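Owing to the predicted nature of the structure, the values given are computational and were not obtained by experimental measurement.
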Number of protein chains: 2
Amino acid sequence: MSKRAQGRGGSIRARNEARILVAAEAVFAEAGFQGATTAAIAARAKLPKANLHYYFGTKQALYRAVLANILDLWLGALDAIRADRQPAEALRDYISSKMHWSRQRPNASKVFANEILHGAPQLGGYLATDLRRRVGQKAVVLRRWARQGLMDPVDPVHLVFTLWAMTQHYADFEMQVRAVLGRQRLTEADYTAATDTIVKLVLDGCKVTSGPPRKAGQGLRRSP
Amino acid sequence: MSKRAQGRGGSIRARNEARILVAAEAVFAEAGFQGATTAAIAARAKLPKANLHYYFGTKQALYRAVLANILDLWLGALDAIRADRQPAEALRDYISSKMHWSRQRPNASKVFANEILHGAPQLGGYLATDLRRRVGQKAVVLRRWARQGLMDPVDPVHLVFTLWAMTQHYADFEMQVRAVLGRQRLTEADYTAATDTIVKLVLDGCKVTSGPPRKAGQGLRRSP
DNA sequence: TCAAGAACTGACCAAACGGTCAAGATTTAG
DNA sequence: CTAAATCTTGACCGTTTGGTCAGTTCTTGA
């Protein structure tokens with residue numbers, strides 16, 4: 001009941017938990033759940049292993065905490081797809097947003113990918129309920145846009161799958177992308193080229209009618 | 001030097017190695033390299049663990065053998081993209097082929113994905129040399145098609161990435177796809193819908209001019 | 001100042017793992 | 001038939017792993 005001790009800048013607990021979560025995300029991304037060792041996570045966080053168990057109890061609990069953090073990130077992006085927006089803008093923003101996170105938080109994407117790849121033992125329930133409902137809502141929007149003639153009637157759920165696949169590919173398969181492009185590290189230009197390619201593929205592929213040329217600072221006028 | 005003993009239908013060695021490889025692919029797909037145990041692979045192959053080490057020596061050697069098998073599969077599909085074909089036909093075939101293998105050999109795709117996801121410790125060299133060269137060759141073809149006005153000038157390498165991403169998504173993220181679609185198992189119709197969506201996205205997205213309606217049995221004249 | 005709670009940690013443990021091996025069973029070539 | 005080669009396998013081993021714990025140090029509210 002009593003509020004936890006909290007120095008400014010976060011209590012000791014909050015600070016150490018955050019530190020451990022960052023280290024854990026990196027190690028889980030590199031090695032997967034089974035391959036990750038609590039010793040490796042502790043070493044990366046520069047804390048004794050026992051300290052890590054003091055805060056999170058078990059490796060699985062720590063893993064779930066990492067996943068929970070990632071989901072918050074993932075859910076945000078889909079908000080770009082709203083019925084009151086122009087499809088071109090919405091899809092462009094969504095793709096940009098996903099590509100942004102693929103670049104800035106590749107480890108988050110990798111941990112998530114690894115979880116699904118191996119049967120989603122922790123996230124299975126979430127996928128079948130929460131995620132499914134959200135995708136269903138976005139499908140309604142996409143179908144409406146198609147009915148209004150703003151885009152071709154593409155299967156909305158499969159369209160979402162392709163968006164996920166293409167954008168997350170640059171985080172999850174980064175090693176392959178780098179190897180094929182012959183890069184030591186992916187550059188800003190690489191991400192721009194990738195984003196442009198995906199945006200073109202989706203907008204032209206769905207024959208999205210680009211709205212009238214708007215000026216910057218789009219005070220999106222609701223369609224009257 | 002002396003040829004190995006080989007009963008008809010395969011020598012004991014060939015038969016057992018094949019049996020172990022099948023089991024290993026499944027277990028590696030489910031659990032990843034580190035998560036897979038030689039005991040689990042042996043149990044699935046219905047052989048004693050020691051027998052497995054008799055044939056493959058180490059877990060890593062077995063894993064490499066599994067990967068080698070998978071690469072043979074993967075390389076075949078790219079052959080669809082040849083300069084002497086119509087882009088629409090070639091791309092459609094490539095997508096269909098990849099989707100076919102995603103459905104028929106999901107474990108192969110998952111093992112491959114897991115390998116790349118965790119930094120390609122075994123395939124790193126292959127990606128940077130063999131795969132890179134092959135993609136480069138296909139990029140030449142795609143650029144030629146663009147120059148000939150048969151399709152828009154999309155960045156060919158990134159286009160290949162999107163093709164890989166979209167098609168392999170249905171194997172690697174099958175659990176998520178099933179959850180969102182609300183299916184216990186993906187049906188023939190699901191794969192058809194997915195393939196159709198991807199094909200439309202790519203062909204319209206690249207503005208591929210569907211060639212003049214050709215008759216079946218296209219006696220494609222080899223460029224002399 | 002000073003208890004009381006929170007945080008810290010080296011040492012330890014049982015279980016699980018990859019891999020080994022010696023000894024026996026089976027197959028094959030001549 | 002027979003001896004060499006191949007195949008089979010239970011038992012075993014050193015190492016690594018996730019997790020525990022008792023004892024200590026640090027932080028904080030009154």
Side-chain angles (χ1 to χ4, degrees), chain A residues 1-28 30-67 111 114 118 121-122, chain B residues 1-21 23-28 30-67 111 118 121-122:
Chain A
M1 284 311 147
S2 65
K3 66 178 174 184
R4 286 196 193 288
Q6 48 192 27
R8 296 149 309 88
S11 65
I12 293 177
R13 180 174 209 94
R15 179 162 31 91
N16 282 346
E17 283 183 351
R19 186 198 191 108
I20 293 170
L21 284 171
V22 169
E25 186 179 278
V27 174
F28 282 131
E30 278 173 20
F33 176 74
Q34 317 238 28
T37 67
T38 55
I41 297 171
R44 190 178 252 263
K46 288 177 184 166
L47 289 174
K49 189 177 61 137
N51 200 330
L52 188 142
H53 281 94
Y54 170 72
Y55 282 111
F56 287 95
T58 69
K59 179 183 170 184
Q60 177 170 318
L62 172 55
Y63 179 64
R64 295 182 76 114
V66 169
L67 281 178
V111 172
N114 192 72
H118 298 122
Q122 310 298 325
Chain B
M1 281 310 145
S2 64
K3 67 178 174 183
R4 285 195 193 288
Q6 47 192 27
R8 295 150 309 88
S11 64
I12 293 177
R13 180 173 210 95
R15 179 163 31 92
N16 281 348
E17 283 183 352
R19 186 198 192 106
I20 292 169
L21 283 170
E25 186 179 278
V27 174
F28 282 130
E30 277 172 21
F33 176 73
Q34 316 238 30
T37 68
T38 55
I41 297 171
R44 190 178 253 262
K46 287 176 184 166
L47 289 174
K49 189 176 61 141
N51 202 328
L52 187 142
H53 282 94
Y54 170 73
Y55 282 111
F56 288 95
T58 68
K59 179 183 171 183
Q60 177 171 320
L62 172 55
Y63 179 64
R64 296 181 75 114
V66 170
L67 281 178
V111 172
H118 297 122
Q122 311 297 327

Which value, rounded to the nearest 0.5 Å, describes the distance between [X] atom [atom1] and [Y] atom [atom2]?
{"X": "Ile41(A)", "Y": "Glu30(A)", "atom1": "CD1", "atom2": "CD", "value": "10.5 Å"}
{"X": "Phe33(A)", "Y": "His118(A)", "atom1": "CZ", "atom2": "NE2", "value": "12.5 Å"}
{"X": "Asn51(B)", "Y": "Lys46(B)", "atom1": "CG", "atom2": "NZ", "value": "15.0 Å"}
{"X": "Gln34(B)", "Y": "Lys59(B)", "atom1": "CD", "atom2": "NZ", "value": "6.5 Å"}

Taking [atom1] from [X] and [atom2] from [N], how many angstroms apart are they, rounded to a whole number?
{"X": "Lys46(A)", "N": "dC8(C)", "atom1": "NZ", "atom2": "C1'", "answer": "18 Å"}
{"X": "Tyr55(A)", "N": "dG18(D)", "atom1": "OH", "atom2": "P", "answer": "20 Å"}
{"X": "Glu17(B)", "N": "dT6(D)", "atom1": "CD", "atom2": "P", "answer": "13 Å"}
{"X": "Arg15(B)", "N": "dT8(D)", "atom1": "CZ", "atom2": "C1'", "answer": "13 Å"}

(Q) When you measure from the side-chain N and O atoms of Arg13(B) to the phosphate of dT6(D), is any distance below 4.0 Å, counting only OP1 and OP2? (A)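 Arg13(B) to dT6(D) OP1/OP2: no side-chain N or O under 4.0 Å.
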
(Q) Could you tell me if the side chain of Leu62(B) sits less than 4.5 Å from the side chain of Leu21(B), heavy atoms only? (A)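 Yes. Closest side-chain heavy atoms under 4.5 Å.
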
(Q) Can you build the contact string for nucleotides 9-19 of chain C? Use B for base contact, S for sugar-phosphate-only contact, and - for no protein heavy atom under 4.0 Å. (A) BB------SBB

Q: Pick out which of Arg19(B), Arg15(B), Arg13(B) makes a side-chain hydrogen bond (donor to acceptor under 3.5 Å, both in side chains) with Glu17(B).
A: Arg13(B)

